[in-house]
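Convention: sequence-line order gives letters A, B, ...; per-chain numbering from 1.
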Protein chains: 2
Amino acid sequence: MSDNIRELETSSVIGLNAIIIAVTDEVPRILTVYDTGQLPVSPLSSDQMKPIIDDTVALPFGPFDPKNHRTLELGLHNWVEKQTGLDLDYVEQLYTFGDRHRDPFERAGGPRLVSVGYIALVRQVPLSGAGEAEWQNWYDFFPWEDWREGRPLIIDSTIKPHLKRWVEQIVDSQEREINRERYSIAFGIESAGWDFERVLERYELLYEAGMIGEALRDSQIRAFISGRSNPFVEDKSIEIAQSLGTVMALDNRRILATALGRIRGKLKYRPVVFDLLPATFTLLQLQLVVEALGGVRLHKQNFRRLVVTGGLVEATGQRDSLSRGRPAELFRFRREAISERTASGVGLPAARI
Amino acid sequence: MSDNIRELETSSVIGLNAIIIAVTDEVPRILTVYDTGQLPVSPLSSDQMKPIIDDTVALPFGPFDPKNHRTLELGLHNWVEKQTGLDLDYVEQLYTFGDRHRDPFERAGGPRLVSVGYIALVRQVPLSGAGEAEWQNWYDFFPWEDWREGRPLIIDSTIKPHLKRWVEQIVDSQEREINRERYSIAFGIESAGWDFERVLERYELLYEAGMIGEALRDSQIRAFISGRSNPFVEDKSIEIAQSLGTVMALDNRRILATALGRIRGKLKYRPVVFDLLPATFTLLQLQLVVEALGGVRLHKQNFRRLVVTGGLVEATGQRDSLSRGRPAELFRFRREAISERTASGVGLPAARI
DNA sequence: AATAAATATACTCATAATGAGCATATATAT
DNA sequence: ATATATATGCTCATTATGAGTATATTTATT
């Protein structure tokens with residue numbers, strides 16, 4: 001049935017990726033590191049191949065060392081602390097990424113890099129530690145995901161026309177229909193609106209359509225490996241890719257898209273934001289954090305009603321002084337809310353199938 | 001920053017676990033295999049140590065072979081097909097399990113077994129292939145999770161009293177309070193009701209309280225490893241453990257608990273059940289599948305309203321003949337429902353924080 | 001001091017979703 | 001013909017949601 005796994009010869013390596021999230025000044029930020037040639041993608045910067053795309057921004061990454069760490073999560077805590085000085089509090093496993101295409105340079109027979117992604121939510125921003133870690137605006141990587149100032153112009157100016165043309169150009173009619181539907185669902189073309197959780201679906205479409213910088217980079221690498229000449233890339237394509245956000249190493253931006261979708265989904269049914277806020281906060285602060293992650297504006301009075309009547313927060317009696325108008329009351333998170341079925345997801349009996 | 005992972009010496013092994021789910025005759029079933037001494041836990045059955053618990057039931061498991069498989073998911077498809085003859089359709093990654101405690105026999109320096117769990121939903125039941133795979137009632141492993149015939153008696157007769165005693169006996173007062181709250185949330189003691197999604201939390205409490213067979217087994221193994229004599233286990237404890245469901249190898253039952261919680265959560269906002277049903281079905285069949293997974297009874301008329309008015313299904317015009325009373329109409333799943341925001345999750349604007 | 005602007009908080013109201021039940025329709029079993 | 005089983009349709013009270021108006025309390029400006 002199952003081989004004895006003690007004897008199984010392996011050719012894969014387990015690493016851990018950290019998506020460390022903080023919200024400050026109404027900006028959702030993630031921690032990035034610079035990755036100049038250490039990762040297997042390095043040949044890009046060799047003089048054999050002139051890279052058309054700069055992809056040196058990466059997610060913090062560390063190996064998993066089973067000798068010293070009882071659990072994956074403890075391993076993560078350990079090297080994140082060393083690299084950034086951050087002491088992670090809320091940590092949640094995101095996904096395990098092990099596709100071959102995540103590293104276009106993997107040689108046949110070379111070890112497969114499998115990495116387990118973890119989301120961490122933190123309050124602090126100050127960094128110390130050994131690395132050159134840096135906070136970056138999450139929406140720098142996904143300019144089409146932030147709707148707080150209205151529908152992003154890039155959607156109608158760039159994304160929709162090019163994506164549409166890409167769909168129409170597909171030769172196989174069945175495949176064309178499938179992708180037309182994917183496009184329609186992901187970008188809310190007809191009937192349906194924009195679903196803020198479909199971040200990954202949108203990213204994948206843009207990648208497949210060759211509009212994202214990573215797609216250009218990967219096709220260049222593939223050509224290089226197979227000994228073909230550099231594929232011809234129009235200036236126009238590079239321009240489009242640049243307008244579609246910062247490129248990251250390997251499949252890191254895909255991981256980031258997965259994380260954003262996950263966090264947005266969780267907002268709806270788990271009191272997750274409180275790990276991003278100080279112990280007491282005004283309702284406006286709370287709302288701004290939710291809006292930052294959701295990428296959308298909410299109705300202030302209804303938000304208050306939801307959160308107060310729903311028993312998620314309770315007033316402290318103190319008030320905030322720094323604001324401009326009438327001072328807001330300070331609230332704290334009601335831990336008991338977790339156990340009360342109203343607050344944390346409507347449960348199954350309200351089955352939505 | 002990050003070491004060159006190409007050179008990283010590894011001492012972990014990646015495996016894949018499949019949780020293959022089908023619902024037949026109103027029973028949710030999962031596929032299990034027999035695991036007699038192949039897995040690292042084998043010394044249990046050696047004559048050096050007389051096992052007090054039989055734990056030969058396991059989840060299908062296969063190694064991940066990066067040489068031959070482009071993605072983790074493809075690797076899974078491959079060996080599941082070989083072992084069971086099943087052609088998996090809907091597959092979703094569950095979680096990556098890499099804790100040291102998942103294998104009490106891991107020696108210091110031995111390879112760590114990291115396994116990526118996948119959930120698969122299938123319609124068929126007939127099995128072929130090389131293995132001695134077998135379908136088992138999911139609730140045989142979690143007798144307290146099926147509320148369809150009312151509140152399971154075991155909760156009040158066994159679980160609550162013993163768990164309560166375990167909490168009270170904790171010496172550190174702060175730790176005691178934490179566990180009192182965990183207990184109260186997980187089993188819906190006060191204010192809150194029973195939350196059908198908290199399957200893992202309930203399982204973990206029972207494990208920590210030493211009530212589950214796996215807990216007895218693991219403490220025996222630990223004693224054996226550290227050269228201590230067998231811990232004294234009361235007959236009463238074994239009796240309790242037996243009443244709390246079938247024991248599985250390693251941490252397989254924990255994985256199963258994670259899966260049940262995940263599936264139940266998804267029921268609420270994703271049209272997931274349709275992969276368990278034939279192309280056309282009556283609304284009763286649909287409801288029975290949802291109830292089987294949810295472990296709860298639903299209001300028939302409201303279920304119909306939800307599913308029909310919500311646009312999740314559409315009538316075919318044909319009717320089912322086999323039933324006893326008035327023949328039911330056959331419905332089919334409306335694929336378009338995925339793109340219509342109503343059916344698939346309420347989206348963020350209805351932010352529940 | 002008076003007024004404007006900004007922010008917080010309270011309340012209203014129409015509409016939609018949910019939970020529970022009664023009523024009717026159409027089949028099989030006796 | 002009658003009982004029983006199941007499917008389907010409809011009502012109604014309650015709660016949740018989305019959008020707005022009204023009022024309160026502060027700082028900034030004149």
Handout entry: Inter- and intrachain pairs under ring-ring contact (aromatic ring centres under 6.0 Å, His included), touching residues 309-330 of chain B, at least two apart
Key = none
Between [atom2] on [N] and [atom1] on [X], what's the gap in Å once rounded to a whole number?
X: A/L286; N: C/dA8; atom1: CG; atom2: P; value: 12 Å
X: B/Q287; N: D/dT8; atom1: CD; atom2: P; value: 12 Å
X: B/F303; N: C/dT18; atom1: CZ; atom2: P; value: 13 Å
X: B/R304; N: C/dA23; atom1: CZ; atom2: P; value: 19 Å
X: A/R297; N: D/dA19; atom1: CZ; atom2: P; value: 16 Å
X: A/R305; N: D/dG18; atom1: CZ; atom2: P; value: 9 Å
X: A/K300; N: C/dA8; atom1: NZ; atom2: C1'; value: 6 Å

Practice task
Mark up nucleotides 20-30 of chain D, 5' to 3', with B wherever a protein heavy atom is under 4.0 angstrom from a base atom, S wherever such an atom reaches only the sugar-phosphate, and - elsewhere.
Solution key: BB--BBBBS--
Practice task
Keeping to residues at least two apart or across chains, list the side-chain hydrogen bond (donor to acceptor under 3.5 Å, both in side chains) pairs with something in residues 150-163 of chain A.
Solution key: A/R151-A/D156
Practice task
Tell me, please, which residues at least two apart from A/R319 pass side chain to side chain donor-acceptor pair (under 3.5 Å).
Solution key: none
Practice task
Taking side chain to side chain donor-acceptor pair (under 3.5 Å) as the test, write out the residues that go with A/D146, two or more places apart.
Solution key: A/R148
Handout entry: Residue pairs passing the salt bridge (charged side-chain N to carboxylate O under 4.0 Å, His left out) test where at least one lies in residues 273-282 of chain A, sequence neighbours excluded
Key = none
Handout entry: Between A/E92 and A/Y90, a side-chain donor and acceptor under 3.5 Å
Key = yes
Handout entry: Closest listed nucleotide, where the reference is the side chain of A/L306 and the choices are D/dT17, D/dT8, C/dA8
Key = D/dT17
